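Below: one structure, written as structure tokens.
Keep in mind the model is a prediction, meaning the values are calculated, not measured.
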Amino acid sequence: STVSMDKFKEVRKMFKKAGVSIYAFKPSALGEKNTDAEIEYAMRAGKALGANSVTVELPKNPEQSNRLGKLAAKNKMYVGYHNHTQATDTVWNEALNQSPSNSINLDFGHYIAAGGNNTKESLLAFIETHHDRITSMHMKDRETKENGAENLPWGEGDTPIVEVLQLLKDKKYKIPVSIELEYKIPDGSDAVKEVKKCLAYAKNALEA
């Protein structure tokens, strides 16, 4: 908890030189077993990298999100809580109510894969309602639970990637969205080629 921030600052400069800005940082130091000093160190490291949020899975224990929210406020940082298929429109409510420094790291592919009441329409409404509490988003194309919940090449699943990106554009929501490559890479391709396809898909969606 006392190691210098110099190395983190060096990493930030390296990324900046390459044209990459860091908006979020996921340290392995935000758990219930971590000390407050370790958590605060991780938050300072995130700031040194240029991030405005650290991210972690949404805790099952509300006491932990309350603790993280207080430490984030102290360090002028946001904690973005990430979801998998436990996502509902209300799953973040307690954490958001605990602290203005608690926020949402929305994976809307997982949201759609959860199925049930999670639909394209509910997703778009959720983003509109909570846009000022969403600090980052993860983007992938998954099927609904009813259709198998598989990760598929973009445009083949049930996740409304185009509609979400157009909503962000039309409403001018300044929410960073990252590509998550989680579908099976086809024979003869590789991760870099597939991410380029995903990026092209996203650019086309924004230009539509």
- Task: Please answer whether the main-chain N or O of Thr119 pairs with a side-chain N or O of Ser122 as donor and acceptor at a distance below 3.5 Å.
- Result: yes
- To the nearest 0.5 Å, how far apart are NZ in Lys169 and CD in Gln166? 7.5 Å
- Item | Between Ser136 and Asn105: side-chain donor-acceptor atoms closer than 3.5 Å | yes
- Answer with yes or no whether the hydrophobic clustering places Leu167 together with Ile134; edges join I, L, V, M, F, W, Y residues whose side-chain heavy atoms lie under 4.5 Å apart. yes
- State whether the side chain of Ser103 and the backbone N or O of Val79 hold a donor-acceptor pair below 3.5 Å, judged by distance alone. yes
- Message: Run the side chain to side chain contact (heavy atoms under 4.5 Å, CB included) test on Met139 and Thr159 for me, step by step, so that the C-alpha distance in whole Å, both residues' side-chain angles and the decisive distance to 0.1 Å come before the verdict.
- Response: CA-CA 9 Å; Met139 181 165 53; Thr159 307; over 6 Å; no
- Note on the structure: Tightest non-hydrogen contact, residues Glu143 and Asn147, listed as OE1-O, 3.1 Å
- Query: Which pairs pass ring-ring contact (aromatic ring centres under 6.0 Å, His included) with one or both residues in residues 111-136, sequence neighbours excluded?
  - Reply: Trp92-Phe126, Phe126-His130, His131-Tyr173
- Query: Do Gln98 and Lys70 come within less than 4.5 Å of each other through their side chains, counting heavy atoms only?
  - Reply: no
- Item | More than 12 heavy atoms of other groups within 6.0 Å of Asn117 CG | no
- Closest heavy-atom pair and its distance - Glu194, Tyr183: OE1-OH, 2.6 Å
- Item | Closest heavy-atom pair and its distance - Asp132, Thr129 | OD1-O, 4.1 Å
- Query: Does Asp107 reach the side chain of His82, with side-chain heavy atoms less than 4.5 Å apart?
  - Reply: yes
- Crowded around Lys171 NZ? As in, over 12 foreign heavy atoms under 6.0 Å? no
- Message: I'd like to know whether Leu152 forms a side chain to side chain contact (heavy atoms under 4.5 Å, CB included) with Arg142, so could you lay out the CA-CA distance, the side-chain angles of the two residues, the decisive distance to 0.1 Å, and finally the verdict.
- Response: CA-CA 6 Å; Leu152 295 175; Arg142 290 191 68 177; over 6 Å; no
- Sequence neighbours left out, what pairs pass salt bridge (Lys or Arg N to Asp or Glu O under 4.0 Å) with at least one residue falling in residues 145-157? none
- Query: Does a donor on one side chain and an acceptor on the other come within less than 3.5 Å for Glu57 and His84?
  - Reply: yes
- Task: Decide yes or no for Val164 and Leu124: does some side-chain heavy atom of the first lie under 4.5 Å from some side-chain heavy atom of the second?
- Result: yes
- Task: For side chain to side chain contact (heavy atoms under 4.5 Å, CB included), just list the numbers for Tyr81 and Asn102, CA-CA rounded to whole Å, side-chain angles, deciding distance to a tenth of an Å, and then say yes or no.
- Result: CA-CA 8 Å; Tyr81 295 104; Asn102 282 340; 2.8 Å; yes
- Do Leu106 and Ile112 belong together in a cluster built from hydrophobic side chains that touch within less than 4.5 Å? yes
- Task: Decide side-chain hydrogen bond (donor to acceptor under 3.5 Å, both in side chains) for Asp141 and Asn151; before the verdict, give the C-alpha distance in whole Å, the side-chain angles of both, and the deciding distance to 0.1 Å.
- Result: CA-CA 6 Å; Asp141 198 353; Asn151 267 296; over 6 Å; no
Give every donor-acceptor pair under 3.5 Å between a side-chain atom in residues 38-51 and any protein atom, sequence neighbours left out.
from  : atom 1 : to    : atom 2 : distance (Å)
Glu38 : OE1    : Asn34 : ND2    : 3.0
Glu38 : OE1    : Thr35 : N      : 2.9
Glu40 : OE1    : Lys74 : NZ     : 3.3
Glu40 : OE1    : Asn75 : ND2    : 3.0
Glu40 : OE2    : Lys74 : NZ     : 3.3
Tyr41 : OH     : Val3  : O      : 3.3
Arg44 : NH2    : Ser1  : O      : 3.3
Lys47 : NZ     : Asn75 : O      : 3.1

- Contacts of Asp36 meeting side-chain hydrogen bond (donor to acceptor under 3.5 Å, both in side chains) (sequence neighbours excluded), chain-then-number -> Arg67
- Item | Pair listing, salt bridge (Lys or Arg N to Asp or Glu O under 4.0 Å) test, anchored in residues 108-121, at least two apart | Lys120-Glu163
- Message: Nearest 0.5 angstrom please: Glu128 CD to Leu123 CG, how far?
- Response: 10.5 Å
Would you list the atom pairs, donor with acceptor, under 3.5 Å between side chains in residues 4-12 and any protein atom, with sequence neighbours excluded?
from : atom 1 : to   : atom 2 : distance (Å)
Ser4 : OG     : Asp6 : N      : 3.0
Ser4 : OG     : Asp6 : OD1    : 3.3
Ser4 : OG     : Asp6 : OD2    : 3.2

- Message: Could you report the tightest heavy-atom contact between Val54 and Leu30, atom names first, then the distance?
- Response: CG2-CD1, 3.9 Å
- Query: Closest heavy-atom contact between Asp158 and Thr144?
  - Reply: OD2-N, 2.8 Å
- Would you indicate whether the side-chain heavy atoms of Lys197 and Trp154 approach each other to under 4.5 Å? no
- Could you tell me the separation between the CG atom of Leu58 and the CG atom of Asn61, rounded to the nearest 0.5 Å? 11.0 Å
- Check whether any side-chain heavy atom of Ile22 sits under 4.5 Å from a side-chain heavy atom of Lys16, and report yes or no. no
- Given side chains that start at C-beta, do those of Gln64 and Leu68 come closer than 4.5 Å, heavy atoms only? yes
- Item | Point-to-point distance, once rounded to the nearest 0.5 Å, from CG of Leu165 to CG of Asp170 | 10.5 Å
- Query: Is there a chain of hydrophobic side chains (I, L, V, M, F, W, Y, each step under 4.5 Å between heavy atoms) that links Val177 to Tyr23?
  - Reply: no
- Query: Can Leu168 and Ile127 be said to form a side chain to side chain contact (heavy atoms under 4.5 Å, CB included), step by step?
  - Reply: CA-CA 9 Å; Leu168 300 184; Ile127 294 171; 4.2 Å; yes
- Task: Taking all non-hydrogen atoms of both residues into account, name the closest pair between Leu181 and Cys198 and its distance.
- Result: CD1-SG, 4.4 Å
- Task: State plainly whether one hydrophobic cluster holds both Val56 and Leu71, where clusters connect Ile, Leu, Val, Met, Phe, Trp and Tyr through side-chain heavy atoms under 4.5 angstrom apart.
- Result: yes
- Task: Rounded to the nearest 0.5 Å, what's the gap from CG on Asn118 to CG on Asn83? Could you check?
- Result: 9.0 Å
